[in-house]
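Worksheet: the structure to be examined is printed underneath.
Whatever order the structure lists ligands and atoms in, that order sets their numbers, starting from 1. Only a predicted model underlies this, so the values are computations on that prediction, with no experimental measurement involved.
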Amino acid sequence: MKEDILYHFDLGTNTHDFPTLFGDVKFVCVGGSPWRMKAFAQYITGELKLGDPKEDIANICAGTDRYAMYKVGPVLAISHGMGIPSISIMLHELIKLLYHSKCTDVTVIRIGTSGGIGMDPGSVVITSQSVNPCFKPEFEQIVLGKTVIRSTELDSALAQELVQCSQEINEFNTVIGRTMCTLDFYEGQARLDGAICSYTEEEKMQYLKSAYEAGIRNIEMESSVFAAMCNISGLRAAVVCVTLLNRLDGDQISSSHDVLVEYQQRPQKLVGYFIKKRLSQV
Ligand code: R2B
Ligand code: URA
């Protein structure tokens, strides 16, 4: 291609000098909400002593409201919205951005929220393997009318390194476990409180308990395609999600705003510590 337009980032190879803008990126952190990713970028600014964390930071994708992107030294923070289609579009453009920028040795981490299974709220789950709602470590996509199945394994050495970081921080419970990725927040995650529900409470509990027995510790909505696309592209990747509730105790997220804000800072803190540690080893 003479020109590559990354439409949903509002960036293009003829209008932006990718190697100059992004060539030094070594860590990409992605998360659902644009506000949270801005807060993460500001937090990293303070942690890496690259400026005042309270100062405003420019959104590189200011020309579009699809995704928000912030760069702090070697760290790129990008929002991906909710669900597989939204993160998948972002990842296609991110992977091309890294390629055009000639980036090397990049680690990609999803920091997010999830519903825990048998976990105290506020626990952090580092994903060993993303599984589908039938508990299989597969991501299924229809390509040209045919079903293509892709692996959802994640880098186990990176997961271990992240758990080690959490032990060093020693502020919240962190485990490595399987993560179930669903297409929906309500029926897709066995909730009883959606607008539509086609099963009983007993059936719901049986399903969630069998998920726990299959090694699943949390449920979210992006990890499968994230793992599959990073795998295929040869990118080292991890998924670090805080659990906002224990789904064996209920469906509604009823903790106070302040408690939820603090929970959401936990993956940021863990990944911030990990990046600082990695950079100090260089
Ligand atoms: C976690 O939280 C969102 C749903 O509330 C979804 O993006 C996810 O994976
Ligand atoms: N995100 C999810 O996908 N599910 C939950 O229960 C909480 C956050």
Side-chain angles (χ1 to χ4, degrees), residues 8 29-40 66-68 77-91 94 108-127 129-133 135 139 152 154 172 175 177-195 197 199 201 204-205 207-209 211-212 216-230 237-257 259-268 270-271:
H8 302 86
C29 299
V30 303
S33 130
W35 291 354
R36 218 188 317 126
M37 295 326 288
K38 184 175 186 175
F40 175 72
R66 297 298 188 187
Y67 304 108
I78 316 174
S79 69
H80 57 60
M82 283 193 289
I84 289 170
S86 184
I87 194 174
S88 145
I89 295 167
M90 189 284 284
L91 287 172
L94 167 65
V108 189
I109 306 182
R110 160 161 151 74
I111 48 176
T113 59
S114 63
I117 307 183
M119 303 293 300
D120 285 336
S123 300
V124 171
V125 179
I126 299 170
T127 306
Q129 214 179 33
S130 173
V131 300
N132 67 19
F135 311 162
F139 172 63
T152 55
L154 287 152
F172 42 82
V175 299
R178 296 173 104 194
T179 296
M180 179 157 73
C181 184
T182 68
L183 295 176
D184 168 48
F185 182 85
Y186 289 100
E187 276 192 304
Q189 296 188 6
R191 280 185 156 81
L192 301 166
D193 62 341
C197 180
Y199 40 81
E201 178 162 14
K204 165 203 155 176
M205 290 308 292
Y207 178 67
L208 291 180
K209 282 180 184 161
Y212 185 86
I216 297 166
R217 294 293 175 269
N218 65 340
I219 316 176
E220 49 76 88
M221 298 178 61
E222 292 86 15
S223 59
S224 61
V225 74
F226 173 81
M229 289 183 73
C230 290
V239 177
V240 178
C241 288
V242 71
T243 61
L244 301 182
L245 77 170
N246 179 2
R247 289 299 315 287
L248 300 179
D249 294 338
D251 295 337
Q252 296 247 307
I253 300 172
S254 51
S255 297
S256 71
H257 175 80
V259 166
L260 292 176
V261 168
E262 195 277 318
Y263 284 172
Q264 289 175 40
Q265 284 165 356
R266 293 179 178 189
Q268 300 188 16
L270 173 44
V271 171

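Interatomic distance, T182 OG1 to R191 CZ, rounded to the nearest 0.5 Å: 8.5 Å. With rounding to the nearest 0.5 angstrom, the CG atom of L94 is 4.5 Å from the CD1 atom of I78. In this structure, N218 CG and L244 CG are separated by 10.0 Å, a value rounded to the nearest 0.5 Å.
The nearest protein atom to atom 2 (O) of ligand 1, hydrogens excluded, is given as T113 OG1, 3.1 Å; this is a heavy-atom distance. Among all non-hydrogen protein atoms, the one lying nearest atom 5 (C) of ligand 2 is G115 N, 3.3 Å. Counting only heavy atoms of the protein, atom 1 (N) of ligand 2 lies nearest to S114 CA, 3.7 Å. For atom 7 (O) of ligand 1, the nearest protein heavy atom (residue, atom name, distance) is E222 OE2, 2.6 Å.
Between the side chain of R110 and the backbone N or O of C29, no donor-acceptor pair lies under 3.5 Å. Although no hydrogens or angles enter the test, the distance criterion places a donor-acceptor pair under 3.5 Å between the side chain of S33 and the main chain of R36.
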Apply the test side chain to side chain contact (heavy atoms under 4.5 Å, CB included) to residues D251 and K204: give CA-CA distance (whole Å), side-chain angles for both, the deciding distance (0.1 Å), then the verdict.
CA-CA 11 Å; D251 295 337; K204 165 203 155 176; 2.7 Å; yes

Quick one: do R66 and M90 satisfy side chain to side chain contact (heavy atoms under 4.5 Å, CB included)? Show the steps, please.
CA-CA 9 Å; R66 297 298 188 187; M90 189 284 284; over 6 Å; no

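Every atom of ligand 2 with a heavy atom of Q189 under 4.0 Å away is listed here by number and element: 2 (C), 3 (O), 4 (N), 5 (C), 6 (O). Residue E220 approaches ligand 1 through these ligand atoms, each under 4.0 Å from one of its heavy atoms: 9 (O). Atoms of ligand 2 found under 4.0 Å from any heavy atom of E220, numbered from 1 in the order shown, are 3 (O). Close approach of ligand 2 to I219 (heavy-atom distance below 4.0 Å) involves ligand atoms 2 (C), 3 (O), 4 (N). For ligand 2, the atoms sitting less than 4.0 Å from at least one non-hydrogen atom of M221 are 3 (O), numbered in the order shown with element in parentheses.
Atom CG of L183 has 12 or fewer heavy atoms from other residues, nucleotides or ligands within 6.0 Å.
Of all the heavy atoms of R191, the ones lying under 4.0 Å from any atom of ligand 2 belong exclusively to the side chain. At a heavy-atom distance under 4.0 Å, no atom of Q189 approaches ligand 1. Contact annotation for L245 and ligand 2: only side-chain heavy atoms (C-beta onward) come within less than 4.0 Å of the ligand.
Note: no N/O pair closer than 3.5 Å links M82 and ligand 1 by distance alone.
Annotation: F135 is in aromatic contact with Y207 [ring centroid separation under 6.0 Å].
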